[in-house]
Amino acid sequence: MRIVMIGSGYVGLVSGACLADFGHHVTCVDKSAAKIDALEAGKVPIFEPGLDNIIDHNRNAGRLDFSKELAASVASADVVFIAVGTPSRRGDGHADLSYVYVPTLAAREIAAAVCGFTVVVTKSTVPVGTGDEIERIFREEFPEKDISVVSNPEFLREGAAITDFKRPDRIVLGTEEPRAVEVMREVYRPLYLNEAPLYFCERRTSELIKYAANAFLAMKITFINEIADLCEQIGADVQKVAKGIGMDKRIGDKFLHAGPGYGGSCFPKDTLALVQTAQDHDSPVRLIETTVAINDNRKRAMGRKVIAACDGTVRGKKIAILGLTFKPNTDDMRDAPSITIIQALLDGGANVHAYDPEGMEMAKEVIGPITYGNDPYEIAEDADAIVIVTEWDEFRALDLKRMKSLVKTPTIVDLRNIYPVAEVTKHGFAYFAIGKKNEKQ
């Protein structure tokens, strides 16, 4: 099939590359000339394990190309995916759908360019009713065009997106139009041997599934973080509590890892958008509203936790931050807990040094005046505290004996609980974890 992916950001690139790997011919379109030029030169603008290899392979095979010209690409397409950004709108938290709706942009440009029956798919995360609005634009402004609008939300985890796309839990497809059903079955037909569950439902239901899924996972993270705070007060161990409740199949063990709060490109904006949609329809989602508030407060609280571990003040002290991205195996800094934590430390007068395997270039755009190092040991030298913020694999096996010889004050604040308490304390460190008894030397 000939597929066009409008938007060459995270979702568009991963989806386009994987669809090309299925054997379709895919053209990724983006308004950013710099982004397309970089992709044509073989430079992938995001970090996602394995993505550069898939892009190179399919470009060389002639199944994947890049373009700045939407109209020419769409004219010969069987399916057009809309994978543009939908960030939170400043001021009210609604999803910013300007890239989808505004005249001369995605929807109208697509409609003007299509020839023959074409399926237009919203891959971007969009509020309930977006598909209806796109269809209204098509029918009122381009009544002669034969277009079917489908919702197909993405469920990609950054750092594991290729596996998620090729071996999905489910593929949600919002359409009741028989021709569109057959086209979408053909798009995902290469997954047949994996028995990928295609779940067809109404378009509005499909749109809500994405928001409900992310909101539930965000709520689960927030739940275990609150339990972690309680554990610290009563002397329990949150990791053991999480394991104990996660063994219950009704609960499950996923997303029960206490930490500094959720971040990233999805959970923060999607929870806000769901709250706003619910309020607009006079059906407030109180649990999600509370989840958003707790998570915002938690990130700042993690800064205070570091300050408390440094005897109540970080003024003039060197704090070494390990990990900046919101999760490992990505360079994504959007709403990363490290941003708020570092700001709290800077406000307290700290001298912050940081290292991240992939996120430092992105971090420089969103974090204030800090010093970046080349590895964990460089930034640990003469540090008053080491703070683990992101659980990159290379931080899981640090040479703690070497670390002890470098630091000024042997203090580790582990906001991801990646070390056993005994392993850290035997090297002479004071150890402050999440949801556990603190071990101060």
Side-chain angles (χ1 to χ4, degrees), residues 215-264 267-268 271 286-312 314 319 321-323 326-328 335-338 340-341 344-345 385-392 395-396 398 400 410-441:
F216 184 84
L217 294 176
M219 188 168 61
K220 200 171 179 183
I221 292 169
T222 303
F223 168 81
I224 200 62
N225 283 341
E226 290 213 303
I227 293 297
D229 290 344
L230 179 59
C231 285
E232 291 183 20
Q233 296 301 317
I234 65 175
D237 186 323
V238 70
Q239 287 181 301
K240 294 178 180 178
V241 171
K243 183 176 181 179
I245 64 175
M247 294 168 75
D248 185 330
K249 293 180 180 179
R250 297 169 300 174
I251 297 173
D253 60 355
K254 303 299 184 184
F255 288 83
L256 284 180
H257 301 288
Y262 60 77
F267 288 2
T271 48
R286 302 298 188 200
L287 284 173
I288 308 307
E289 291 176 16
T290 303
T291 294
V292 171
I294 293 171
N295 191 67
D296 287 344
N297 292 334
R298 183 165 189 80
K299 295 175 185 179
R300 191 80 183 182
M302 293 299 99
R304 295 194 296 271
K305 184 179 182 72
V306 175
I307 294 171
C310 295
D311 297 323
V314 291
I319 308 298
I321 302 291
L322 299 185
F326 85 96
K327 64 181 292 188
D335 280 295
S338 64
T340 305
I341 293 168
L345 297 174
I386 298 168
V387 185
I388 301 171
V389 180
T390 311
E391 66 276 31
W392 286 90
F395 300 155
R396 295 177 179 272
L398 295 171
L400 295 177
T411 298
I412 290 180
V413 182
D414 183 357
L415 301 182
R416 296 292 183 174
N417 288 350
I418 63 175
Y419 281 96
V421 175
E423 182 178 350
V424 179
T425 55
K426 76 178 181 181
H427 287 91
F429 282 93
Y431 184 61
F432 299 83
I434 298 291
K436 301 183 179 188
K437 180 183 178 183
N438 294 323
E439 295 291 339
K440 195 169 180 68
Q441 294 296 306

Derivation and outcome, side-chain contact (heavy atoms from CB on, under 4.5 Å), residues Leu415 and Phe432: CA-CA 8 Å; Leu415 301 182; Phe432 299 83; over 6 Å; no
First locate atom [atom1] of [X], then atom [atom2] of [Y], and finally report the distance between them rounded to the nearest 0.5 Å.
X	Y	atom1	atom2	answer
Ile224	Ile245	CD1	CD1	4.5 Å
Cys310	Leu345	SG	CG	8.0 Å
Leu398	Ile418	CG	CD1	7.0 Å
Trp392	Lys327	CH2	NZ	10.5 Å

Any pair counted as side chain to side chain donor-acceptor pair (under 3.5 Å), so long as it reaches residues 215-230, sequence neighbours left out: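 Sorted pair list: Asp229-Arg298.
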Lys299 and Asp335: CA distance, side-chain angles, deciding distance, side-chain contact (heavy atoms from CB on, under 4.5 Å) verdict: CA-CA 10 Å; Lys299 295 175 185 179; Asp335 280 295; 4.1 Å; yes
Minimum-distance pair of heavy atoms, taken over all atoms of Phe429 and Thr411: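 Nearest pair, atom of Phe429 first, then Thr411: CD2-N, 3.7 Å.
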Distance-minimising heavy-atom pair for Arg396 and Tyr419: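 Looking at all heavy atoms of both residues, the shortest contact is C-OH, 3.2 Å.
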Arg304: partners by salt bridge (charged side-chain N to carboxylate O under 4.0 Å, His left out), with sequence neighbours left out: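 Residues passing salt bridge (charged side-chain N to carboxylate O under 4.0 Å, His left out) with Arg304: none at all.
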Taking C-beta and beyond as the side chain, do [X] and [Y] meet within less than 4.5 Å on heavy atoms?
X	Y	value
Phe326	Thr390	no
Val314	Ile319	yes
Ile434	Arg416	no

Test log, rule side-chain contact (heavy atoms from CB on, under 4.5 Å), inputs Cys231 and Val241: CA-CA 9 Å; Cys231 285; Val241 171; 4.0 Å; yes
Contacts of type side chain to side chain donor-acceptor pair (under 3.5 Å), residue [X], not counting sequence neighbours:
X	result
Glu423	none
Asp414	Tyr431
Lys305	Glu232

Flag, side chain of Asn295 to backbone of Thr291, donor-acceptor distance under 3.5 Å: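 Such a contact is absent between Asn295 side chain and Thr291 backbone.
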Donor-acceptor pairs are to be reported for all side-chain atoms of residues 253-264 against protein atoms at under 3.5 Å, with residues two or more places apart or in another chain.
none

side-chain contact (heavy atoms from CB on, under 4.5 Å) between Val413 and Ile388, intermediate numbers included: CA-CA 6 Å; Val413 182; Ile388 301 171; over 6 Å; no
